[in-house]
There are 2 protein chains.
Amino acid sequence: MLKNAEFVDKLRSSGLRPTKQRLKICEVLFNREKTFHFTINDLAKNISNQLNEKISLATVYNTVHAFKDKGYLKEISINSDKSYFDTNITNHHHFFDEDTNQLIDCNNEDIEEVRVKKNITEKKIKSVEVLIKVASDNQNQN
Amino acid sequence: MLKNAEFVDKLRSSGLRPTKQRLKICEVLFNREKTFHFTINDLAKNISNQLNEKISLATVYNTVHAFKDKGYLKEISINSDKSYFDTNITNHHHFFDEDTNQLIDCNNEDIEEVRVKKNITEKKIKSVEVLIKVASDNQNQN
DNA sequence: AGTCTACATTATAATTATTCTAAACTGTTG
DNA sequence: CAACAGTTTAGAATAATTATAATGTAGACT
Ligand SMILES: [Mn+2]
Ligand SMILES: [Mn+2]
Ligand SMILES: [Zn+2]
Ligand SMILES: [Zn+2]
């Protein structure tokens, strides 16, 4: 539940100019109790609903990617149709309901910590995330 | 290392007509020692290289999806740009190298079994998969 | 407060992965 | 071999995303 002035600071501190479009998007994304998942299209619709003025779709894309690059959002890939974004930037896992295309956060208590015993690569591990796909029993997998 | 006649049986037994395109794709995908990951585009290029005749891109899409539906392939979503497919249909996890966009199988010994303590949904769990993203240290996450 | 400049926004076009369409073709069955 | 259903195909259509290039504006410096 941040206020406008706080968003201005947040943006400034990460080198992003606090334009009115970015502030509006901050408000829609971060001025809430709970984190949530969204697609670009969700967000664009959401904005044009609760707003008289519209924000260009290109700007929504630019802003979401800028926020992601700054670490304010995470991108989550479930299928190749579209990207999901997450305002919960902590390390966490997901359930994905294949019937409804709904993405649900796992509480850390729901899954035992994943232990990587051996990193086969030479490189640094950036994230370890579990995706649990669920569906009605009569559904075919994947 | 299956032979043509075996592919014919395999296709027949799953209700797919063993057309020459499907058999060629079987050969490219399954006539190997090791499983591997590919994109539709990889596969299409691969085919047109080692083949005088071409297979239409639409047919490659159709066939790959048919094989996936029959359980001969798995689809893996790393990013929303394109789909990766996997000839390794066993339950397994992946490393993804963000620098090179390479997908690497985890051996089951590399990760401790993931235990889902609580299924928050009412539905049946279809899959539980871990994706470990790696990159050079100076790379930015996600 | 006015000017300047780099950064942002916008409408629109371009790109890319994927799916659709409808006509031509072919594997199978009788 | 004839007939039919399933398959392939080229090309068009769709949809998500990115690029372009003209216009606008936040912030700095007078
Ligand atoms: Mn798909
Ligand atoms: Mn992306
Ligand atoms: Zn989440
Ligand atoms: Zn794999």
Side-chain angles (χ1 to χ4, degrees), chain A residues 4-5 7-26 28 37-48 51-70 72-73 75-85 101 142, chain B residues 4-5 7-26 28 37-48 51-70 72-73 75-85 101 142:
Chain A
N4 195 282
F7 291 135
V8 172
D9 289 347
K10 183 173 180 169
L11 290 172
R12 279 237 176 75
S13 72
S14 50
L16 296 173
R17 281 188 186 166
T19 64
K20 64 172 184 290
Q21 291 85 350
R22 285 175 178 164
L23 287 168
K24 186 69 207 177
I25 292 175
C26 276
V28 173
H37 306 107
F38 64 93
T39 65
I40 298 273
N41 226 301
D42 292 343
L43 179 58
K45 255 187 242 156
N46 193 330
I47 291 167
S48 77
L51 208 60
N52 13 11
E53 61 212 295
K54 311 239 173 291
I55 298 179
S56 149
L57 187 57
T59 299
V60 179
Y61 271 96
N62 289 340
T63 303
V64 166
H65 282 121
F67 286 4
K68 176 192 157 192
D69 292 343
K70 295 302 181 183
Y72 302 153
L73 291 174
E75 190 171 4
I76 299 173
S77 290
I78 279 22
N79 60 46
S80 64
D81 295 343
K82 60 177 60 123
S83 269
Y84 288 73
F85 290 87
N101 274 22
N142 213 310
Chain B
N4 194 280
F7 290 136
V8 172
D9 290 347
K10 185 173 176 167
L11 290 172
R12 278 235 179 78
S13 73
S14 51
L16 295 173
R17 282 188 187 167
T19 64
K20 63 171 187 290
Q21 291 86 351
R22 283 176 179 163
L23 286 168
K24 186 70 205 174
I25 292 175
C26 275
V28 173
H37 307 105
F38 64 94
T39 65
I40 298 271
N41 228 302
D42 292 343
L43 179 57
K45 257 187 238 156
N46 194 331
I47 291 167
S48 77
L51 209 58
N52 13 13
E53 60 209 301
K54 310 238 173 294
I55 298 179
S56 148
L57 187 58
T59 299
V60 179
Y61 270 97
N62 288 341
T63 303
V64 166
H65 282 121
F67 286 4
K68 177 192 157 192
D69 291 344
K70 296 301 181 181
Y72 303 153
L73 291 174
E75 189 170 4
I76 298 174
S77 290
I78 283 7
N79 59 45
S80 63
D81 294 342
K82 60 177 59 122
S83 268
Y84 288 74
F85 290 87
N101 273 24
N142 212 305

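Below, chain A is the first sequence line, B the second, and so on; all start at residue 1. Side-chain atoms are counted along with the backbone in the values below, which use heavy atoms only and exclude waters and symmetry mates.
Taking the side chain of Tyr61(A) as heavy atoms from C-beta on, and the options dT18(C), dA8(C), dT17(D), the nearest nucleotide is dT17(D). Of all nucleotides listed (dT17(D), dT9(D), dT18(C)), dT9(D) comes nearest to the side chain of Ile55(B).
Between its two ends, the helix from dA1(C)-dT30(D) to dG30(C)-dC1(D) turns its axis by 30°, counting five pairs per end and rounding to 10 degrees.
A straight line from CG of Asn79(A) to P of dA16(D) spans 11 Å, rounded to a whole angstrom. For the pair Asp81(B) CG and dT15(C) P, the computed distance is 17 Å after rounding to whole Å. Atom NZ of Lys24(B) and atom C1' of dT26(C) are 19 Å apart (whole Å). Atom P of nucleotide dG6(D) and atom CG of Asp69(B) are separated by 16 Å, given to the nearest angstrom. Put simply, NZ on Lys54(A) is 15 Å from C1' on dT10(C), counting in whole angstrom units. Rounding to whole angstrom units, CG of residue Leu11(A) and P of dT9(C) are separated by 10 Å. Rounded to a whole Å, the CZ atom of Phe85(A) is 11 Å from the C1' atom of dA16(D). Per the geometry, CG belonging to Asn62(B) stands 17 Å off P belonging to dT26(C), to the nearest Å.
Interatomic distance, Ile76(A) CD1 to Ser80(B) OG, rounded to the nearest 0.5 Å: 12.0 Å. With rounding to the nearest 0.5 angstrom, the CZ atom of Arg12(A) is 10.0 Å from the CZ atom of Arg17(A). Note that CD1 of Ile55(B) and CG of Asn62(B) are 11.5 Å apart. Values are rounded to the nearest 0.5 Å.
Every side chain to side chain contact (heavy atoms under 4.5 Å, CB included) that Leu23(B) has, sequence neighbours left out, goes to Asn4(B), Phe7(B), Val8(B), Leu11(B), Pro18(B). In this view, Phe38(A) and Phe36(A), Phe85(A) satisfy the ring pair (Phe, Tyr, Trp, His ring centres under 6.0 Å) rule, not counting sequence neighbours. For the side chain to side chain donor-acceptor pair (under 3.5 Å) test, residues two or more places apart in sequence or in another chain that qualify with Lys24(B) are Glu27(B). Every residue two or more places apart in sequence or in another chain that forms a side chain to side chain contact (heavy atoms under 4.5 Å, CB included) with Asn101(A) is listed here: Tyr84(A), Phe96(A). Looking at residues two or more places apart in sequence or on another chain, you find a side chain to side chain contact (heavy atoms under 4.5 Å, CB included) between Ser14(B) and Leu16(B), Lys70(B), Tyr72(B). Every side chain to side chain donor-acceptor pair (under 3.5 Å) that Asp42(B) has, sequence neighbours left out, goes to Thr39(B). Partners of Lys45(A) according to the side chain to side chain contact (heavy atoms under 4.5 Å, CB included) rule, which considers only residues two or more places apart in sequence or in another chain, are Asn41(A).
For dT8(D), the OP1/OP2 oxygens have no side-chain nitrogen or oxygen of Ser56(B) closer than 4.0 Å. Dashed line: the shortest gap from a side-chain N or O of Ser80(A) to OP1 or OP2 of dT18(C) is under 4.0 Å. OP1 and OP2 of dT17(D) both lie 4.0 Å or more from every side-chain N or O belonging to His65(A). Remark: Gln21(B) is not in phosphate contact with dC25(C), judged by side-chain N or O atoms under 4.0 Å from OP1 or OP2.
Projected onto DNA chain C by closest heavy-atom contact, Leu57(A) and Arg22(A) fall at different nucleotides, the more 5' of which corresponds to Arg22(A). Between Gly15(A) and Asn41(B), the one whose closest nucleotide on DNA chain C sits nearer the 5' end is Gly15(A).
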Protein-proximity profile, nucleotides 20-30 of chain D, B/S/- by nucleotide at the 4.0 Å heavy-atom cutoff, equals ------BS---
All N/O pairs under 3.5 Å across the protein-nucleotides 1-3 of chain C interface:
none

Report the C-alpha separation of Gln21(B) and Thr59(B) in whole Å, then their side-chain angles, then the decisive distance to 0.1 Å, and conclude whether the side-chain hydrogen bond (donor to acceptor under 3.5 Å, both in side chains) test is met.
CA-CA 8 Å; Gln21(B) 291 86 351; Thr59(B) 299; over 6 Å; no
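Contact annotation: the side chain of Ile25(B) never approaches that of Arg22(B) to less than 4.5 Å [non-hydrogen atoms, C-beta and beyond].
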